[in-house]
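Have a look at this one before I ask anything.
On a predicted model such as this, the values are computed, not experimentally measured, just so you know.
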Amino acid sequence: MVKLTINGLPVAVEDGTTIMEAAKAAGISIPHLCYLKGINDIGACRICSVEVEGELSLVPSCNTAVREGMKVTTNSARVRSACRTNLMLIMSQHEGRCSLCDRSGTCQLQKLTNDYDFFENLYVTDLPTDKDRMWVKDFPLIRDPAKCIKCMRCIQVCDKIQKLGVWELMSTGGRTRVDVSQHRSIDKAQCSLCGQCIVHCPVGALRERKDATKVMAALDDPEITTVVQIAPAVRTAWGEALDLPPDKATVNQLAGALKQMGFDYVFDTSFSADLTIMEEATEFLHRLQKGDLEKYPMFTSCCPAWVRFLKSRHPELVPQLSTAKSPQQMFGSVIKSYFAERIGVRPEKICCISVMPCVAKKAECDIPAMRDEYGVKDVDYVLTTREIIRMLRLSDITPDKVEEKPFDRIMGDYSGAGVIFGTTGGVMEAALRTASYMVTGKNPSTGAFGFVHAGKKFAEGEYPWQEATYTIGGNKIRVAVTSGLRNADRLCKALLRGQVKYDFVEVMACPTGCAGGGGQPFHRDDIERGATRGKVLRNLDEHMQMRFSHENPDIQRLYSEALGEPMSDAAEKLLHTDHESWQMPDEGEPQTPDIHVV
């Protein structure tokens with residue numbers, strides 16, 4: 001152990017610990033902007049600079065290791081003066097119209113300027129021109145360079161976690177800026193729309209495209225029937241931004257708030273997650289029996305960011321994707337067919353809205369293949385968790401004062417298997433539960449396939465994927481689970497090289513799965529909450545009476561009345577898609593994007 005003092009307090013930490021982490025262990029918070037543990041420790045912003053006895057200059061605490069006997073001061077007049085000067089320099093190239101910013105209230109830079117009583121700047125403001133602020137208008141991810149502070153978090157997250165290389169530094173010196181790599185417009189980049197750059201940006205330089213105004217217009221239209229679905233991972237996070245404790249931020253509390261807002265029908269996407277399992281498990285068994293998985297496994301297809309990644313990086317593996325639509329799209333397809341008929345409303349008069357922890361879902365619902373034969377979209381609009389929170393505030397709704405409401409019937413029931421879709425390994429575990437039943441005729445124990453959330457090395461990023469072998473009906477099934485696209489890329493390359501062999505693989509683009517999605521609430525503390533949210537979903541599953549998708553009575557009724565059986569002609573038409581029928585933005589002929597000034 002290394003012993004030192006920080007602000008006069010004795011501290012003992014392991015060798016190699018940074019000053020910032022040592023201070024944190026002692027309960028001292030050192031301000032920072034660019035630092036992101038394990039991802040970005042370049043010391044670029046210098047906001048975290050501290051004074052070390054014997055050192056001529058201030059040192060960045062984020063990447064300076066502790067030494068025996070070191071004496072550190074984090075709040076001296078010299079440190080405060082330097083931090084204030086650095087803040088002024090940053091603000092001279094930052095558009096400080098906080099009331100118009102997506103991150104107002106959760107912005108790290110805003111908090112620092114307030115803490116430092118920052119009311120004027122001695123440096124001349126130098127912002128990007130309108131030309132530099134041009135952006136593709138309808139792309140689900142929006143970037144405003146006038147708010148960028150060049151912290152490089154987006155670059156590092158995109159490279160180190162997702163290995164996409166969408167962002168890079170351009171020019172040098174005072175002209176240095178962050179932009180889309182290779183001088184491309186964003187619609188030509190191989191962006192998966194995972195949204196991890198958005199949630200890790202400390203300011204408001206990155207955000208999702210806003211669709212709440214269109215949804216509000218639908219709510220105000222008496223001719224339109226509005227149907228909303230809530231994704232499993234949303235229930236674990238929506239209360240965070242409203243300071244609601246978990247016992248108050250229940251999914252039925254949110255359902256009640258959405259009813260009060262004016263939505264005609266409110267459902268849980270866990271229902272269609274159960275439906276996805278029925279189709280995906282059946283498809284897996286069919287492919288396995290036909291010998292289609294001898295060379296490469298079947299991949300899950302419920303994560304659109306993963307599908308986009310695979311189409312861009314490993315197109316030869318696209319045929320291995322399950323043809324099952326994601327739960328979001330299955331829900332919309334059933335709503336505008338089976339459900340529309342049941343309530344006597346024409347599909348074109350139904351507005352289907354999704355509340356998702358995801359940005360890529362906005363692009364998924366616009367894919368041409370996600371429409372019926374008449375061109376009616378399965379899902380009309382997708383709102384992130386952040387957007388629905390803003391809508392609640394706009395509607396003057398205080399969620400903890402709203403009465404809890406059950407989900408609407410007809411398609412309201414769901415199992416624990418559907419709930420765990422929101423966390424890494426949940427899709428695989430749910431699918432294996434039902435696949436085992438389909439083969440053996442009896443339910444396996446609910447813990448039979450729980451390996452995916454027990455792998456410590458995978459959870460801590462020490463190993464790129466989890467794997468296991470199970471015996472189902474005498475057949476050995478080799479499976480793997482991973483999250484984060486860099487990990488997915490390593491797994492794909494290992495499969496293509498023949499280094500590993502699996503029958504079934506689950507991939508989620510965001511680390512820890514949808515619970516850590518790019519559409520989840522913003523926070524200023526840089527704490528990753530995905531794993532904690534995932535544990536909530538696991539706990540819900542463990543305490544539910546119904547834990548198997550095939551036991552869901554509403555799913556059974558849907559098959560009985562409309563679909564017949566999984567993978568039937570009717571099911572194929574409504575619930576499956578062709579992933580090769582559409583192209584990524586960087587494929588095919590050049591397009592002329594609709595550009596506007598952010």
Side-chain angles (χ1 to χ4, degrees), residues 1-94 103 106-123 149-157 160-161 176 200-203 460-462 522-529:
M1 301 292 283
V2 176
K3 296 181 180 180
L4 68 155
T5 62
I6 303 178
N7 295 346
L9 298 174
V11 181
V13 293
E14 293 184 2
D15 189 24
T17 303
T18 64
I19 294 175
M20 181 177 287
E21 290 299 312
K24 184 178 179 181
I28 299 170
S29 178
I30 298 177
H32 60 274
L33 286 173
C34 69
Y35 174 72
L36 201 57
K37 185 177 180 180
I39 304 296
N40 197 39
D41 52 5
I42 59 176
C45 70
R46 283 304 197 264
I47 297 298
C48 72
S49 295
V50 295
E51 194 168 0
V52 176
E53 186 176 277
E55 295 284 349
L56 182 63
S57 303
L58 299 180
V59 300
S61 62
C62 67
N63 59 12
T64 302
V66 298
R67 301 190 307 271
E68 184 67 31
M70 179 183 276
K71 295 183 179 180
V72 179
T73 304
T74 71
N75 60 358
S76 67
R78 184 185 178 195
V79 168
R80 292 193 299 271
S81 176
C83 186
R84 187 175 181 82
T85 298
N86 288 331
L87 280 174
M88 286 186 181
L89 289 168
I90 291 170
M91 287 299 295
S92 70
Q93 296 185 343
H94 176 80
R103 289 297 299 263
T106 61
C107 172
Q108 296 183 36
L109 179 59
Q110 183 185 41
K111 179 182 184 301
L112 282 170
T113 55
N114 287 337
D115 290 347
Y116 272 81
D117 200 19
F118 196 93
F119 59 90
E120 65 175 346
N121 199 341
L122 301 179
Y123 298 98
I149 60 172
K150 306 178 185 67
C151 68
M152 289 185 60
R153 279 196 189 190
C154 58
I155 296 175
Q156 301 281 38
V157 166
K160 293 182 179 180
I161 296 179
T176 301
H200 288 94
C201 177
V203 293
E460 294 179 352
E462 296 179 23
F522 289 132
H523 295 280
R524 284 194 300 241
D525 54 20
D526 293 334
I527 295 175
E528 301 291 346
R529 290 171 168 79

Supply the atom-to-atom distance Lys111 NZ to Thr106 OG1, rounded to the nearest 0.5 angstrom.
->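 It is 12.5 Å, given to the nearest 0.5 Å.
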
Enter the distance from Arg524:CZ to Arg103:CZ here, rounded to the nearest 0.5 Å.
->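 So the CZ of Arg524 and the CZ of Arg103 are separated by 9.0 Å.
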
Asp525 atom CG: more than 12 heavy-atom contacts under 6.0 Å |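 Yes, enclosed.
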
Smallest separation among heavy atoms of Cys48 and Cys62, with atom names =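 Distance-wise, the nearest heavy atoms are SG-N, 3.5 Å.
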
Which pair of heavy atoms, one from Asn63 and one from Pro60, lies closest together, and at what distance?
->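 Nearest heavy atoms, Asn63 then Pro60: OD1-CG, 3.2 Å.
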
Least distance between heavy atoms, Pro202 atom then Arg153 atom |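 Distance-wise, the nearest heavy atoms are CD-CD, 3.9 Å.
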
Asn75 backbone acceptor or donor facing Arg80 side chain under 3.5 Å =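 It does hold such a pair.
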
Met91 side, atom CE; Asn86 side, atom CG - distance, nearest 0.5 Å |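 Here the interatomic distance stands at 13.5 Å.
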
Do Arg529 side-chain atoms and Ile527 backbone N/O form a donor-acceptor pair below 3.5 Å?
->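 Looks like yes, one N/O pair under 3.5 Å.
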
Between Thr64 and Ser61, is there a donor-acceptor pair closer than 3.5 Å when you use the side chain of the first and the backbone of the second?
->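 No, the answer is negative, given that no donor and acceptor are paired below the 3.5 Å cut-off.
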
Distance-only, no hydrogens or angles: does the Glu68 side chain make a donor-acceptor pair with backbone N or O of Lys3 under 3.5 Å?
->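 Yes.
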
Are any non-hydrogen side-chain atoms of Cys154 and His200 less than 4.5 angstrom apart?
->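 Counting from C-beta outward, Cys154 and His200 never come under 4.5 Å.
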
What distance separates Arg84 CZ from Asn121 CG, expressed to the nearest 0.5 Å?
->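 That separation rounds to 9.5 Å.
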
Over all atoms of both residues, closest heavy-atom pair of Val79 and Glu51 =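 Nearest pair, atom of Val79 first, then Glu51: CG2-N, 3.6 Å.
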
Can you check whether Ile90 reaches Ile47 side chain to side chain, under 4.5 Å on heavy atoms?
->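 With C-beta onward as the side chain, the pair touches.
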
How long is the span from the CD atom in Glu53 to the OG1 atom in Thr5, to the nearest 0.5 Å?
->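 Rounded to the nearest 0.5 Å, the CD-OG1 separation comes to 8.0 Å.
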
Check residues 20-41 and write down every donor-acceptor pair under 3.5 Å in which the side-chain atom is one partner and the other belongs to a residue at least two apart or another chain.
unit_1, atom_1, unit_2, atom_2, d
Glu21, OE2, Tyr35, OH, 3.2
His32, ND1, Ile30, O, 3.2
His32, NE2, Asp526, OD2, 3.0
Asn40, OD1, Gln156, NE2, 3.1
Asn40, ND2, Cys34, O, 2.8
Asn40, ND2, Cys151, O, 2.9

If you draw a 6.0 Å radius around NZ in Lys160, do more than 12 non-hydrogen atoms from other residues or ligands fall strictly inside?
->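 Yes, NZ of Lys160 has more than 12 neighbouring heavy atoms, counting only those of other groups under 6.0 Å.
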
Does Val72 reach the side chain of Asn7, with side-chain heavy atoms less than 4.5 Å apart?
->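 No; the side chains remain at least 4.5 Å from each other.
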
Closest contact, heavy atoms only, Ile149 versus Leu109 =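 Scanning both residues completely, I find the closest heavy atoms to be CG2-CD2, 4.0 Å.
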
Under the side-chain hydrogen bond (donor to acceptor under 3.5 Å, both in side chains) rule, collect the residues that match up with Thr17, sequence neighbours excluded.
->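 If we apply the side-chain hydrogen bond (donor to acceptor under 3.5 Å, both in side chains) test to Thr17, skipping adjacent residues, there are no hits.
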
Point-to-point distance, once rounded to the nearest 0.5 Å, from OH of Tyr123 to CE of Met88 |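 Between atom OH of Tyr123 and atom CE of Met88 there are 7.0 Å.
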
Could you please spell out the steps behind the side-chain contact (heavy atoms from CB on, under 4.5 Å) verdict for Ile19 and Leu4?
-> CA-CA 10 Å; Ile19 294 175; Leu4 68 155; 5.5 Å; no

Glu55 bridged to Arg78 by N-O distance under 4.0 Å =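 The answer is no: the pair does not qualify as a salt bridge.
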
Contact summary for Ile42 and Met152, nearest pair of heavy atoms |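 Closest pair (atom of Ile42, atom of Met152, distance): CD1-SD, 3.8 Å.
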
